[in-house]
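Read the structure below first, then the notes.
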Amino acid sequence: MSQSFRQRDILEIARADGRVRVEDLVTRFGVSAQTIRRDLTELAESGWLERVHGGAVLRSSVTNIGYEDRRGTNEAAKAAIADACSVAIPDGATLFLGIGTTTEAVAAKLLGHRELLVVTNNINVANILAANPECEIVLSGGRLRRLDGGLVGTLTTSVLEQFRFDVAVIGCSAIAEDGELLDFDFQEVGVSQSIIRRARATWLVADRSKFERSAPVRVGSLRDVDRFFTSAPLPEEVLRLCRDWGTEAHVVAPDGDAADRAAG
């Protein structure tokens with residue numbers, strides 16, 4: 001993409017402030033919101049920015065974007081993923097739900113399930129499921145990560161090692177072309193790796209944006225995942241790997257219409 005002068009200025013603002021907002025840029029440049037959104041989309045597609053609700057943030061491979069920005073991004077896709085995932089969870093299951101806005105969306109879809117035991121290291125998940133009287137909730141303990149309500153560290157891992165889960169539902173910050181699952185916080189990675197070992201089945205929930213991002217720490221691989229719920233067709237190489245590894249890839253349209261495609 002050949003950047004316009006306006007797009008170069010937008011990048012400079014993002015580098016200085018860490019993020020840009022559509023309404024601020026409309027005022028600054030005197031153009032329509034549609035024009036600004038198009039600029040931000042083009043900059044995102046070129047790898048310079050990452051779109052969030054109401055604007056964009058500077059893309060980074062070493063730090064995650066803020067929790068509130070993540071929570072407001074790709075909401076329709078996350079809801080569709082959560083619908084598909086929750087339908088597959090049976091009543092009476094022992095379940096782990098990890099850190100992430102998509103796992104929180106799954107929790108919100110479990111309010112009608114019965115006789116669940118949910119273990120989580122996500123305070124937000126516990127608060128959501130507190131509204132379900134048929135759900136027993138166990139918080140793992142550990143160091144509180146105030147930015148997103150996550151509990152991480154060696155205490156978290158030691159508590160989770162005491163359980164055996166029917167299903168573990170996890171997220172990640174990025175997915176590499178070779179199928180590796182990546183994250184930013186090495187302490188969270190240790191928890192996720194422990195969970196994969198303690199679960200009879202591991203399900204990954206991640207929208208299409210995770211293929212457009214990078215992160216520095218390896219969690220595991222799609223080889224370790226039994227089911228992968230996502231919101232758009234997988235890159236051809238990733239789809240081939242899922243087939244080779246027996247990982248079921250369930251692609252669900254954001255409007256709720258299932259486009260399930262099992263790869264395995």
Side-chain angles (χ1 to χ4, degrees), residues 64 67 70-71 74-75 77-145 147-153 155-173 181 183-185 187-207 210 219-220 224-231 248 250 252:
N64 204 355
Y67 171 76
R70 282 183 283 132
R71 192 161 64 93
N74 299 326
E75 291 178 287
K78 291 173 184 176
I81 290 168
D83 274 332
C85 180
S86 64
V87 166
I89 295 171
D91 289 339
T94 298
L95 182 66
F96 173 82
L97 287 178
I99 298 172
T101 56
T102 310
T103 54
E104 291 168 20
V106 173
K109 299 294 183 178
L110 295 176
L111 296 181
H113 279 54
R114 302 183 63 184
E115 299 180 348
L116 291 180
L117 170 61
V118 175
V119 183
T120 185
N121 64 330
N122 185 336
I123 288 177
N124 300 319
V125 162
N127 286 334
I128 291 167
L129 287 173
N132 181 355
E134 292 277 344
C135 179
E136 183 175 353
I137 304 163
V138 177
L139 270 170
S140 66
R143 181 179 65 82
L144 174 63
R145 200 166 61 187
L147 292 176
D148 61 2
L151 298 166
V152 296
L155 176 59
T156 307
T157 302
S158 66
V159 171
L160 296 176
E161 288 285 353
Q162 309 308 309
F163 291 87
R164 184 71 172 171
F165 304 102
D166 296 319
V167 178
V169 180
I170 64 171
C172 65
S173 294
L181 312 180
D183 225 308
F184 292 95
D185 187 338
Q187 294 190 82
E188 181 179 347
V189 166
V191 172
S192 296
Q193 291 172 341
S194 174
I195 288 304
I196 290 171
R197 293 192 300 269
R198 303 302 302 165
R200 295 182 179 88
T202 300
W203 297 355
L204 175 69
V205 288
D207 64 64
K210 303 305 170 71
V219 177
D224 305 314
V225 171
D226 297 285
R227 295 188 186 183
F228 174 24
F229 297 88
T230 189
S231 59
E248 294 182 12
H250 298 271
V252 186

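For reference, positions follow the sequence shown, starting with 1. Any value given below was found using the heavy atoms of this structure, including those in side chains, with hydrogens, waters and symmetry copies removed.
For the side-chain contact (heavy atoms from CB on, under 4.5 Å) criterion with S158, the lone passing option out of T156, L160, L155 is L155. Tested against K78 for a side-chain hydrogen bond (donor to acceptor under 3.5 Å, both in side chains), the candidates T102, D83, T101 yield a single pass: T101.
When atom types are taken as modelled, the side chain of H113 and the backbone of V87 share no donor-acceptor pair closer than 3.5 angstrom. No donor-acceptor pair closer than 3.5 Å links the side chain of T94 to the backbone N or O of D166. Using modelled atom types, no side-chain atom of S140 and backbone atom of V159 make a donor-acceptor pair closer than 3.5 Å. Within the 3.5 Å criterion, the main-chain N or O of L110 finds a donor-acceptor partner in the side chain of N132. Side chain of Q193 to main chain of V219: a donor-acceptor pair is present (N/O by atom type, distance under 3.5 Å, no hydrogens or angles). Side-chain N or O atoms of T103 include one that pairs as donor or acceptor with a backbone N or O of G98 at under 3.5 Å. Checking side-chain atoms of D226 against main-chain N and O of T202 turns up a donor-acceptor pair under 3.5 Å. Under the 3.5 Å distance criterion, the side-chain polar atoms of S231 are left unmatched by any main-chain donor or acceptor of V252. For the pair K210 (side chain) and C172 (backbone), a donor-acceptor distance under 3.5 Å is present. Remark: the backbone N or O of D148 is paired with a side-chain donor or acceptor of N124 at under 3.5 angstrom.
Residues D183 and S173 bring a donor and an acceptor atom of their side chains to less than 3.5 Å of each other.
For the pair P133 and A131, the tightest heavy-atom approach, listed with the atom from each and the gap, is CD-O, 3.3 Å. For the residue pair R164 and A199, the shortest heavy atom distance occurs at NH1-N, 4.1 Å. Residues S86 and K109 approach most closely at OG-CB, 3.4 Å, considering heavy atoms.
You'll find the side chain of I99 reaches within 4.5 Å of the side chain of V152, heavy atoms only. In this structure, the side chains of N121 and F96 come closer than 4.5 Å at one or more pairs of heavy atoms. You'll find the side chain of V119 reaches within 4.5 Å of the side chain of F165, heavy atoms only. At a threshold of 4.5 Å between non-hydrogen side-chain atoms, the residues V169 and V167 count as touching. Side-chain contact between E104 and I128 is present, with heavy atoms from C-beta onward closer than 4.5 Å. By the 4.5 Å heavy-atom criterion applied to side chains, L151 and L144 are counted as neighbours.
Within the model, atoms CG of L116 and CD of E134 stand 8.5 Å from one another, a figure rounded to the nearest 0.5 Å. How far SG of C85 is from CG of L97: 8.0 Å, rounded to the nearest 0.5 Å. In this structure, CD in E75 is found 11.0 Å from CG in D207, a value given to the nearest 0.5 Å.
Contacts of D91 classified as side chain to side chain donor-acceptor pair (under 3.5 Å), with partners at least two apart in sequence or in another chain: none. With sequence neighbours left out, R114 forms a side chain to side chain donor-acceptor pair (under 3.5 Å) with no residue at all. E161 pairs by the side chain to side chain contact (heavy atoms under 4.5 Å, CB included) definition with T157, S194, R197, R198, not counting sequence neighbours.
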Worked verdict on V138 versus V118 for side chain to side chain contact (heavy atoms under 4.5 Å, CB included): CA-CA 6 Å; V138 177; V118 175; over 6 Å; no
Stepwise side chain to side chain contact (heavy atoms under 4.5 Å, CB included) check, V225 with L181: CA-CA 10 Å; V225 171; L181 312 180; 4.1 Å; yes
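Under the 6.0 Å cut-off for aromatic ring centres, W203 and F228 do not qualify, their centroids lying 6.0 Å or more apart.
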